[in-house]
2 protein chains.
Amino acid sequence: MPKLKVGKRRTSAAQEDYLKALFRISGRAATLVPNARLAEEMGVSPGSVSEMLGKLATLGLIVHDPYRGARLTPDGLKVAVEMIRHHRLIETYLVRALGYGWDEVHEEADRLEHAISERLEERMWQALGQPAFDPHGDPIPAPDGTLVEHPTLPLQSAPAGSEVTVSRISDRDPAKLRAVERLGLTPGRRVMVVEESVWESPIVVSLDGSQISVPLGLARAIRVEGDAEGGTKPPG
Amino acid sequence: MPKLKVGKRRTSAAQEDYLKALFRISGRAATLVPNARLAEEMGVSPGSVSEMLGKLATLGLIVHDPYRGARLTPDGLKVAVEMIRHHRLIETYLVRALGYGWDEVHEEADRLEHAISERLEERMWQALGQPAFDPHGDPIPAPDGTLVEHPTLPLQSAPAGSEVTVSRISDRDPAKLRAVERLGLTPGRRVMVVEESVWESPIVVSLDGSQISVPLGLARAIRVEGDAEGGTKPPG
DNA sequence: CTTTAAGTTTCGGCATGCCTAAATATTAGC
DNA sequence: GCTAATATTTAGGCATGCCGAAACTTAAAG
């Protein structure tokens, strides 16, 4: 029967997307996120954000300082992490169990993450042998919400001459994903920075003897040497 | 980005549910279905049905004779069958690939059937070896929409003393499903009718020497004597 | 054939979630 | 500190999808 009487549902897909976006922006720190930043991340108008923040605050999922911004409460954080677990688990399942390419999974996961039950989440997790990372190198939160974050840096902040291990490739842009995959740039690969990123320019790295130009924001990396903290220069 | 750019989507989940309900009621014959019948099937008010029928007619998915009823157009039929294929494929996948009990799959499939892509549908189908029947014994429509219907009848219409093969157990009621499964009544089993159904009483059949009382509407069966289409096998 | 019962449609309402534009608050420049 | 640019909130609209009640059509009973 088509009655999707999911009386149990506490959060809508839209609400979950806002919580996820807040987490993407401020992470576990749950710092105040300005309205405009969230509007940009969500691809909606500032007015829509204001309205939704009101609802989420009423539900106790965020705290809203009017005119200042919003931040996740522990409850909101829980929902956000749960959605991220769903997303990354689904991506991993599609790649490992159903032969998807890692550039084909993001959209599918974005739709399914709101629709799967706890039972299905658990079954996929077990079927995969309790994986800890998704195909893009992002960590999969544990069932209890524990999320091990590795100290990674945006690839474009690595200085010329340094050697780094690629840890994550963003799953947002399938076309770029296919491009870098074809060139061999995948999570786990070690590369040498040939030309560092200035302003908004792509960074150039060498891999297997060839040079690859990597767009901004696509990859994150771990330093191979114990470099302290080189020129972190946020664009803008 | 959480923007679920579904620009491609032509039908909403609600619309798909109405089309599915129309198909459940009148099948491929696409006879006129009265408003009230559809309202009952969907668990909504008659007013809501009227409204939705207007939209579906505008989309060319149904034909609506005001005050008479509605019936699926070829386009509407296509959407309905597609959803049924999704539903039965998902149920089959959850049971065969992820170890679900066949009483646990219906709700999950109802949510997921609207969210999976053609690609995922195809991958699940291939992963299962192009199955033709779901765990309840219902046929899975082919990718092109072909749906082989077996000439089954409601179990309660079988006369006392006849021998029949159970072909389908409805997936609507998990509790009843578990009950009959525990007693061994599954698709493919052959049973003898001990006491026929009169008025609205359950029918009593014998199976492995014990007698089982089967609620109305739960099972369908194929006559053993006729056995015209015996070739294909509903799983059991 | 008319009256009445039953079924259907229409009409306001409500909830979600989005938009734009106007009003309001905050921050930055001088 | 006070104005001006920037950001946020509020207000009014639109679309979907549901409800109950009133208006209407069809069918049934006499």
Side-chain angles (χ1 to χ4, degrees), chain A residues 1-22 25-26 31-59 61-71 79 83 110-111 114-115 236, chain B residues 1-22 25-26 31-59 61-71 79 110-111 114-115:
Chain A
M1 344 341 43
K3 15 175 60 174
L4 299 180
K5 297 263 181 208
V6 198
K8 247 178 43 182
R9 189 170 203 79
R10 45 202 322 101
T11 47
S12 68
Q15 288 167 354
E16 287 163 359
D17 280 338
Y18 276 91
L19 297 174
K20 247 193 353 170
L22 278 171
I25 297 168
S26 79
T31 52
L32 272 191
V33 174
N35 193 310
R37 179 73 189 81
L38 192 48
E40 179 206 309
E41 186 74 18
M42 289 290 299
V44 300
S45 75
S48 302
V49 171
S50 245
E51 196 180 16
M52 182 58 93
L53 292 183
K55 286 173 198 159
L56 292 173
T58 301
L59 292 171
L61 298 171
I62 64 163
V63 172
H64 188 209
D65 278 19
Y67 290 97
R68 295 309 194 78
R71 92 188 120 77
V79 174
M83 284 308 117
D110 254 357
R111 271 178 288 111
H114 305 293
Chain B
M1 223 148 336
K3 18 173 51 170
L4 301 180
K5 288 216 160 191
V6 208
K8 254 176 41 180
R9 189 172 203 78
R10 44 200 325 101
T11 47
S12 68
Q15 288 167 355
E16 288 163 358
D17 281 339
Y18 276 91
L19 297 174
K20 245 191 358 170
L22 278 172
I25 297 167
S26 78
T31 52
L32 272 191
V33 173
N35 193 311
R37 180 72 190 79
L38 193 47
E40 179 206 311
E41 185 73 18
M42 289 289 300
V44 300
S45 76
S48 303
V49 171
S50 246
E51 195 181 17
M52 182 59 93
L53 292 184
K55 286 173 199 160
L56 292 173
T58 302
L59 291 172
L61 299 171
I62 65 163
V63 172
H64 187 208
D65 277 19
Y67 290 99
R68 296 308 192 79
R71 94 187 116 78
V79 175
D110 254 357
R111 272 177 288 109
H114 305 292

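Throughout, protein chains are lettered first and strands after them, A, B, ... in sequence-line order, and every chain is numbered starting at 1.
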Chemist: Locate the shortest heavy-atom distance separating A:N35 from A:P46; write the atom from each residue and the value.
Modeler: OD1-O, 3.5 Å
Chemist: How far apart are the closest heavy atoms of B:D17 and B:M42, and which atoms are they?
Modeler: O-SD, 3.5 Å
Chemist: Can you find a pair of side-chain heavy atoms, one from B:Q15 and one from B:L59, that are under 4.5 Å apart?
Modeler: yes
Chemist: Are any of B:Q15's side-chain N or O atoms less than 4.0 Å away from OP1 or OP2 of D:dG17?
Modeler: yes
Chemist: Heavy atoms from C-beta onward define the side chain here; which of D:dT9, D:dC24, C:dC19 lies closest to that of A:Y67?
Modeler: D:dT9
Chemist: With nearest nucleotides of DNA chain C determined for A:R68 and A:E51 from heavy-atom distances, which residue corresponds to the more 5′ nucleotide?
Modeler: A:E51
Chemist: Let's see if you can work this out: which of C:dG17, D:dT9, D:dC18 has an atom nearest to the side-chain heavy atoms of A:K55?
Modeler: C:dG17
Chemist: In whole angstroms, how far is the C1' atom of D:dT8 from the CD atom of A:E40?
Modeler: 16 Å
Chemist: Looking at the side chain of B:A36, which of C:dG17, D:dT9, C:dT8 is the nearest nucleotide?
Modeler: C:dT8
Chemist: Side chain of B:N35 only, heavy atoms from C-beta on: which candidate in C:dT8, C:dG17, D:dG17 is closest?
Modeler: C:dT8
Chemist: Please state how far atom CZ in A:R10 lies from atom P in C:dA15, giving the value in whole angstrom units.
Modeler: 20 Å
Chemist: Would you mind telling me which of C:dC18, C:dT9, C:dT24 lies closest to the side-chain atoms of A:S48?
Modeler: C:dC18
Chemist: Please report the distance, rounded to the nearest Å, between CG in B:L38 and C1' in D:dG17.
Modeler: 14 Å
Chemist: Taking the side chain as every heavy atom from C-beta outward, state whether A:Y18 and A:T11 have any atom pair closer than 4.5 Å.
Modeler: no
Chemist: Are A:L19 and A:M83 side-chain neighbours, meaning at least one heavy-atom pair lies under 4.5 Å?
Modeler: no
Chemist: Between A:M52 (CE) and C:dT16 (C1'), how many Å, whole number?
Modeler: 8 Å
Chemist: Between atom CG in A:D65 and atom P in D:dT8, what is the gap in whole Å?
Modeler: 12 Å
Chemist: If only side-chain N and O atoms of B:H64 are considered, is one of them under 4.0 Å from the OP1 or OP2 phosphate oxygen of C:dT9?
Modeler: yes
Chemist: Nearest whole Å is fine: how far is C:dT26 P from A:L32 CG?
Modeler: 14 Å
Chemist: More 5' along DNA chain C: B:S50 or A:S12, using each one's nearest nucleotide?
Modeler: B:S50
Chemist: Rounded to the Å, how far apart are B:L53 CG and D:dG17 C1'?
Modeler: 13 Å
Chemist: Output the rounded distance in Å from CG (B:L59) to P (D:dA15).
Modeler: 14 Å
